[in-house]
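Single-structure report; data block below.
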Amino acid sequence: MKDSENALEILEKLREELNTSHGLFSKKVDVPLCCDLCDKLVRTLPNSLEEAEYVKQRRKEILANADVVAKNTIRAAEEKAEKLVSESEVVRAAQVSAKQIIENAYAQCDNLILRTKAHLDGLFKDMEQFLLSTLSVVRTNREELRAARIDDNN
């Protein structure tokens, strides 16, 4: 029998030995073997129990670490989501502000165009008045010149 057997292997061998048929030609239970298996089980159980306790303790640590990691991941995700929401609010506010600035620029441009047209209209009106006045002077001078020429021919 191997020394490195674990408790389950020893129990399985003991079960096999005890499950033999008790008929006329069947094998009888090997009591010394069963006693040897029980002794081996007694020697193996403390190690198996220690290993089980170690696994149990590690399980608690692993679960605790997993819980910490999960909470940190959730917190980081919440912080990132909060940051993204904040950034999205900043972007949205910037878009609203940019839209308002563009609308104001268009309004100022329209106002400037209207004022420029009004100013040009005033300049053209003054120019028209000046030209009409100059034309009137030219007409008068021409008529006087024509009248003087007719008088000189007669």
Side-chain angles (χ1 to χ4, degrees), residues 1-19 33-34 36-154:
M1 212 178 289
K2 305 183 280 186
D3 287 339
S4 63
E5 290 177 306
N6 66 32
L8 291 176
E9 291 170 342
I10 296 169
L11 283 172
E12 185 58 35
K13 286 183 181 181
L14 186 59
R15 181 191 322 265
E16 288 173 9
E17 187 59 34
L18 293 174
N19 277 336
L33 175 64
C34 289
D36 184 46
L37 289 172
C38 287
D39 290 341
K40 216 173 195 186
L41 188 59
V42 167
R43 285 191 309 269
T44 304
L45 273 178
N47 290 338
S48 297
L49 292 174
E50 286 174 9
E51 288 173 12
E53 186 61 30
Y54 175 76
V55 168
K56 184 178 169 186
Q57 284 299 328
R58 288 294 300 148
R59 179 180 172 268
K60 286 180 182 178
E61 290 173 19
I62 290 169
L63 289 175
N65 286 343
D67 188 50
V68 168
V69 168
K71 286 178 181 176
N72 288 342
T73 302
I74 290 170
R75 187 171 28 99
E78 287 172 344
E79 288 172 1
K80 184 162 184 142
E82 190 175 304
K83 182 180 177 187
L84 289 173
V85 166
S86 173
E87 287 174 357
S88 119
E89 288 175 4
V90 168
V91 168
R92 191 176 16 251
Q95 288 173 335
V96 167
S97 179
K99 185 177 178 183
Q100 186 63 43
I101 289 169
I102 290 171
E103 287 175 2
N104 288 343
Y106 278 125
Q108 288 177 356
C109 183
D110 290 344
N111 188 359
L112 185 60
I113 289 170
L114 289 175
R115 286 184 15 221
T116 302
K117 286 179 179 178
H119 181 69
L120 285 173
D121 186 52
L123 286 176
F124 287 146
K125 182 180 177 186
D126 291 346
M127 181 63 76
E128 181 184 23
Q129 290 300 321
F130 173 75
L131 291 175
L132 285 174
S133 172
T134 304
L135 183 60
S136 176
V137 169
V138 169
R139 220 179 252 139
T140 302
N141 288 342
R142 226 174 126 216
E143 287 174 3
E144 287 176 1
L145 183 61
R146 202 179 302 150
R149 227 176 57 197
I150 294 178
D151 284 340
D152 285 342
N153 281 341
N154 286 340

Cys38: what forms a side chain to side chain contact (heavy atoms under 4.5 Å, CB included) with it, not counting sequence neighbours?
Leu14
Would you mind writing out the side-chain donor-acceptor pairs for residues 131-145 within the sub-3.5 Å range, not counting sequence neighbours?
residue	atom	partner	partner atom	Å
Thr134	OG1	Phe130	O	2.8
Thr140	OG1	Ser136	O	2.8
Asn141	ND2	Val137	O	3.4

Who pairs with Glu12 by salt bridge (Lys or Arg N to Asp or Glu O under 4.0 Å), at least two apart in sequence or on another chain?
Arg15
Which pairs would a plain distance check flag for residues 99-112, meaning a side-chain donor or acceptor within less than 3.5 Å of a matching protein atom at least two apart in sequence or in another chain?
residue	atom	partner	partner atom	Å
Gln100	NE2	Asn104	OD1	3.2
Asn104	ND2	Gln100	O	3.4

For the NE2 atom of His119 and the CZ atom of Phe124, what is their distance to the nearest 0.5 Å?
10.0 Å
Heavy-atom closest pair, residues Ile10 and Leu37
CG2-O, 3.3 Å
Of all residues at least two apart in sequence or in a different chain, which pass the salt bridge (Lys or Arg N to Asp or Glu O under 4.0 Å) check with Asp121?
none
Got a sec, which pairs hit side-chain hydrogen bond (donor to acceptor under 3.5 Å, both in side chains) with one end in residues 53-64, sequence neighbours left out?
Glu53-Gln57, Arg58-Glu61
Without placing hydrogens or testing angles, list every side-chain donor-acceptor pair under 3.5 Å for residues 66-84, not counting sequence neighbours.
residue	atom	partner	partner atom	Å
Asp67	OD2	Lys71	NZ	3.2
Asn72	OD1	Arg75	NH2	2.6
Asn72	ND2	Val68	O	3.4
Thr73	OG1	Val69	O	2.7

Rounded to the nearest 0.5 Å, what separates atom CG in Leu49 from atom CD in Glu51?
9.5 Å
